[in-house]
2 protein chains.
Amino acid sequence: MQISELARATGVSARALRHYEDRGLLIPGRTGAGYRDYSESDVIRVAQIKAMIAAGLNTATIQRYLDCVRVDGHGPSLKMCPDLRAELDSIAERLAAKQADLRRTQQRLNELASAG
Amino acid sequence: MQISELARATGVSARALRHYEDRGLLIPGRTGAGYRDYSESDVIRVAQIKAMIAAGLNTATIQRYLDCVRVDGHGPSLKMCPDLRAELDSIAERLAAKQADLRRTQQRLNELASAG
DNA sequence: TTTGACCTTCACGCTGGCGTGAACCCCTAC
DNA sequence: GTAGGGGTTCACGCCAGCGTGAAGGTCAAA
């Protein structure tokens, strides 16, 4: 299938699909005319990518661990890949740090707003 | 005083002070040689800017409302400036939205990490 | 006079997943 | 043949507060 069809099938923009390819997350075939030619398995692959993006992984990390994630009807599940747990932990730490920053900012804002 | 002295006095980098000037938050005088020449009141002004930055206001908003904020020994306090309350409310909304996004991301990450 | 510390103005880098033209090619239907 | 709806590869824009050289002037101390 070509790119707009995969875009419709996955709910991901064609631009994003090309971006994923730039980052090494997708490697579609090519037709004689140079058009990208995606397979059915790419639909699943894009679903995996979506799940990992939504979980806060960046494309470089996804590139390393993409094959560790499966997405079936019930949501994503993990295979055992070395260092993946540690990677997820560090992402969780970064998210927690952002949480803390955000709360501090909210606190200062409240202090400003509640000040007479 | 010149820029490095103000930087030491406020704990803000000289680069940041120049940036504030670019954004119209500070307007120091100039010596004959072209050096920036800050006054004592700029120390307080920078403290106000720091408080507002820490509360999530951007430089454009700070530029509009800088004179509405005073910083004394007990922390910042507000003067009545039209639209400032509404501005602070909208900032609070944006922060809350970021919070929500962050929590959703953490939720997805947990789903990934806890999946077998 | 020569360090050396401090100042000045550009102007790119960072973080990063895309949106959005621009300029051009491919294929089908009329 | 031509219009139209795909496709392709660049490559800048975004959001924003600074960090960080680069190239060069100023000034007090030795």
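Hydrogens, waters and symmetry mates play no part in the numbers below; they use all other heavy atoms, side chains included.
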Nearest to the side chain of A/I3, which nucleotide is it out of D/dT8, C/dC7, D/dC27?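 Of D/dT8, C/dC7, D/dC27, D/dT8 is nearest to the side chain of A/I3.
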Proximity to the side chain of A/Q2 - top-ranked nucleotide from D/dG7, C/dC27, D/dC27: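 Taking heavy atoms from C-beta onward, the closest nucleotide is D/dG7.
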Would you classify A/R23 as touching base, sugar-phosphate or nothing, given that sugar-phosphate means primed atoms plus P, OP1 and OP2, and contacts are heavy atoms under 4.0 Å?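 The residue A/R23 makes no contact with any strand.
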Indicate, with a heavy-atom threshold strictly under 4.0 Å, whether A/R30 touches base, sugar-phosphate, or nothing.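 Sugar-phosphate: the residue A/R30, judged by heavy atoms under 4.0 Å, touches backbone atoms but no base.
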Do A/R15 and C/dT20 have a side chain to base donor-acceptor pair shorter than 3.5 Å?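 Such a pair is found, so the answer is yes.
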Taking donor-acceptor contacts at under 3.5 Å, does the side chain of B/Y35 reach the base of D/dG25?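 Looking at the base of D/dG25, it does pair with a donor or acceptor on the side chain of B/Y35 (distance under 3.5 Å).
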[N] [atom2] sits how many Å from [X] [atom1], rounded?
X: A/I91; N: C/dG16; atom1: CD1; atom2: P; answer: 11 Å
X: A/L26; N: C/dC18; atom1: CG; atom2: P; answer: 12 Å
X: B/K50; N: D/dG17; atom1: NZ; atom2: P; answer: 16 Å
X: B/D37; N: D/dT26; atom1: CG; atom2: P; answer: 17 Å
X: B/Y20; N: D/dA16; atom1: OH; atom2: C1'; answer: 12 Å
X: B/L6; N: C/dC6; atom1: CG; atom2: P; answer: 15 Å
X: A/E21; N: C/dC18; atom1: CD; atom2: C1'; answer: 15 Å
X: B/D22; N: C/dT8; atom1: CG; atom2: C1'; answer: 13 Å

Does C/dC18 have OP1 or OP2 sitting under 4.0 Å from an N or O in the side chain of A/R18?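 Answer no for this pair, as no side-chain N or O of A/R18 is under 4.0 Å from OP1 or OP2.
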Using a cut-off of less than 4.0 Å, is there contact between a side-chain N or O of B/T59 and OP1 or OP2 of D/dA16?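 Checking D/dA16 against B/T59, no side-chain N or O comes under 4.0 Å of OP1 or OP2.
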With the 4.5 Å side-chain cut-off for hydrophobic clustering, are B/I3 and B/Y35 part of the same group?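 No, separate clusters.
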Check the hydrophobic clustering (I, L, V, M, F, W, Y; side-chain heavy atoms under 4.5 Å; chains of links allowed) and say if B/Y38 and B/I27 are grouped together.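 Different hydrophobic clusters.
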Find which nucleotide of DNA chain D each of B/T31 and B/A16 is nearest to by heavy atoms, and output the residue with the more 5' nucleotide.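 Counting from the 5' end, the first nearest nucleotide belongs to B/A16.
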When you match B/R36 and A/S13 each to their closest nucleotide on DNA chain C, which lands nearer the 5' end?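 By nearest-heavy-atom nucleotide position, the 5'-most residue is B/R36.
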Do B/L57 and A/L109 make a side-chain contact, defined as non-hydrogen atoms from C-beta onward lying under 4.5 Å apart?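 Yes, side chains in contact.
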Side-chain donor/acceptor of B/K50 to backbone N/O of B/T10, under 3.5 Å: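 Side chain of B/K50 to backbone of B/T10: a pair is present.
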A/R45 side, atom CZ; A/L26 side, atom CG - distance, nearest 0.5 Å: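 Those atoms lie 6.5 Å apart.
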